[in-house]
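Quick notes on the structure that follows.
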Amino acid sequence: MALVIENLCHIYNAGEPFEAVALKDVNLRIEEGEFVALIGHTGSGKSTLAQHLNGLIKPTSGRVLFDDKDINQKDSKENFRFKIGLVFQYPEYQLFDESVKKDIAFGPKNMGLDENEIDLRVKKAMATVGLNYEEFSEKSPFELSGGQMRRVALAGVLAMEPSVLVLDEPSAGLDPRAKEFLLQDIKHLNEQGKTIIMISHNMDDVARFAKRVLVMKKGKIVLDGTPSEVFQNIEEL
Ligand code: ADP
Ligand code: MG
């Protein structure tokens with residue numbers, strides 16, 4: 001189940017005086033089980049690319065295919081948002097429910113799963129991110145530390161059991177301990193077979209965790225290789 005991007009272009013506010021060309025003819029193929037890091041300066045198009053991967057924003061032109069199917073095909077019965085999970089930058093700002101448990105259950109509920117299955121998935125997702133069910137399930141997400149909130153947000157995406165996980169700067173703003181905890185979780189998910197696409201500005205994290213690095217510049221992918229290959233060539237940019 002590869003994720004394929006073909007000739008992807010995205011222009012915000014096309015035709016307006018303040019239009020922004022965010023992606024310019026991006027082509028990419030990511031195989032199942034890869035751990036890919038996406039790096040580049042602010043404004044290079046990383047978040048725009050991430051948000052195309054699960055159909056949250058639509059291409060101006062070009063296609064995104066998962067398992068050979070166009071994820072933006074109108075008549076598709078499959079919901080690709082459940083298969084390709086997107087964890088936003090600062091996802092804790094999107095927590096909203098009165099309890100941790102209900103917040104994590106939101107995605108699985110939208111999938112139309114029955115109560116038992118939802119409960120199972122909430123428990124499993126909490127265990128995966130290291131949140132004790134007895135201790136945290138009834139707590140308000142807003143009583144938690146930053147690192148715990150981040151883990152609740154990740155659990156909410158994991159509870160949909162996506163096969164691809166796209167994370168936009170997952171460790172930004174966390175203290176070193178919470179950051180390490182989260183990165184180890186992500187690594188573990190990859191070892192269990194999930195495809196990981198992680199935006200990061202931390203080169204140490206990229207070198208430690210990713211097996212492939214993509215560098216974006218002004219809406220294009222300008223380097224694509226192993227961490228050592230990319231770091232050797234990055235000076236030239
Ligand atoms: P990155 O995540 O690498 O910092 P973004 O994808 O956020 O880059 O931004 C790429 C370009 O698109 C930038 O020029 C940015 O200003 C512009 N952009 C991003 N989001 C929006 C938006 N919602 N509306 C208009 N322009 C945007
Ligand atoms: Mg961004």
Side-chain angles (χ1 to χ4, degrees), residues 3-30 34-66 71-72 80-81 84-95 146-147 149-151 153-154 156-157 162 164-174 178-179 182-183 186 195-207 209-210 212-225 227 230-231 233-237:
L3 191 57
V4 175
I5 296 168
E6 287 179 352
N7 308 109
L8 184 64
C9 297
H10 191 83
I11 307 175
Y12 289 103
N13 309 309
E16 312 279 341
F18 41 90
E19 78 170 22
V21 181
L23 297 175
K24 294 176 200 163
D25 198 29
V26 174
N27 287 282
L28 182 64
R29 180 182 177 93
I30 295 173
E34 284 198 74
F35 194 135
V36 181
L38 184 57
I39 65 175
H41 288 301
T42 302
S44 58
K46 304 181 299 295
S47 294
T48 303
L49 181 59
Q51 291 170 56
H52 275 85
L53 298 179
N54 78 339
L56 186 69
I57 56 179
K58 309 289 176 207
T60 303
S61 62
R63 299 195 300 167
V64 180
L65 306 165
F66 184 60
I71 68 165
N72 293 302
F80 290 97
R81 286 205 200 168
I84 303 155
L86 176 63
V87 181
F88 292 92
Q89 198 165 7
Y90 298 106
E92 54 273 25
Y93 294 137
Q94 286 166 345
L95 300 175
M149 285 169 92
R150 190 76 55 95
R151 280 187 262 152
L154 176 59
V157 173
V164 180
L165 205 53
V166 183
L167 303 124
D168 196 346
E169 308 243 9
S171 64
L174 297 182
K179 184 185 110 166
L182 191 75
L183 289 170
I186 295 167
T195 308
I196 305 289
I197 301 164
M198 180 174 88
I199 297 177
S200 178
H201 60 258
N202 185 314
M203 294 308 123
D204 286 338
D205 295 348
V206 168
F209 294 99
R212 178 181 177 192
V213 183
L214 306 171
V215 184
M216 290 197 75
K217 188 180 177 183
K218 296 181 181 163
K220 290 186 172 196
I221 294 175
V222 292
L223 285 174
D224 177 353
V230 165
F231 293 149
N233 290 313
I234 214 158
E235 299 293 314
E236 294 168 28
L237 300 171

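Atoms within a ligand are numbered from 1 in the order they appear, just like the ligands themselves.
The protein atom (non-hydrogen) at minimum distance from atom 19 (C) of ligand 1 is Tyr12 CE1, 3.4 Å. Nearest protein heavy-atom neighbour of atom 5 (P) of ligand 1: Thr48 OG1, 3.7 Å. The nearest heavy-atom contact from the protein to atom 4 (O) of ligand 1 is Gly43 N, 2.7 Å.
Taking 4.5 Å as the limit, every side-chain heavy atom of Ile186 sits out of range of all side-chain heavy atoms of Leu165.
At a 4.0 Å heavy-atom cut-off, ligand 1 does not touch Asp168 at all. Counting heavy atoms closer than 4.0 Å to ligand 1, residue His41 contributes backbone atoms (N, CA, C, O) but none from C-beta onward.
Relative ring orientation between His10 and Tyr12 is described as perpendicular, the plane-to-plane angle rising above 60° on a 0-90° scale split at 30° and 60°.
Classification of Arg212 and Asp224 as a salt-bridged pair holds, one side-chain N sitting under 4.0 Å from a carboxylate O.
For a distance bound of 2.8 Å, the N, O or S atoms of Ser47 include one lying that close to the Mg ion (ligand 2).
A side-chain donor-acceptor contact under 3.5 Å links Arg150 to the backbone of Pro170. Judged by distance alone, the side chain of Asn13 and the main-chain N or O of Glu16 form no donor-acceptor pair under 3.5 Å. Listed for the Lys46 side chain is a donor-acceptor partner under 3.5 Å among the backbone atoms of Gly40. A distance-only check finds no donor-acceptor pair linking the side chain of Asn7 to the backbone of Asp25 [under 3.5 Å].
For atom 16 (O) of ligand 1, no protein non-hydrogen atom is found at a distance below 4.0 Å. Closer than 4.0 Å to atom 11 (C) of ligand 1 lies at least one heavy atom of the protein.
Looking at ligand 1, you'll find an N or O of Gly45 within less than 3.5 Å of one of its N or O atoms. Distances between N or O atoms of Asn13 and those of ligand 1 include no value under 3.5 Å. For Ala20, no nitrogen or oxygen atom sits less than 3.5 Å from a nitrogen or oxygen atom of ligand 1, counting backbone and side chain alike. For Thr42, no nitrogen or oxygen atom sits less than 3.5 Å from a nitrogen or oxygen atom of ligand 1, counting backbone and side chain alike.
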Met216 and Leu23: side chain to side chain contact (heavy atoms under 4.5 Å, CB included), yes or no, with the steps? CA-CA 10 Å; Met216 290 197 75; Leu23 297 175; 3.6 Å; yes

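Surrounding NZ of Lys58 are more than 12 heavy atoms belonging to other residues, nucleotides or ligands, all under 6.0 Å away.
Not a single heavy atom of Gly40 sits less than 4.0 Å from an atom of ligand 1.
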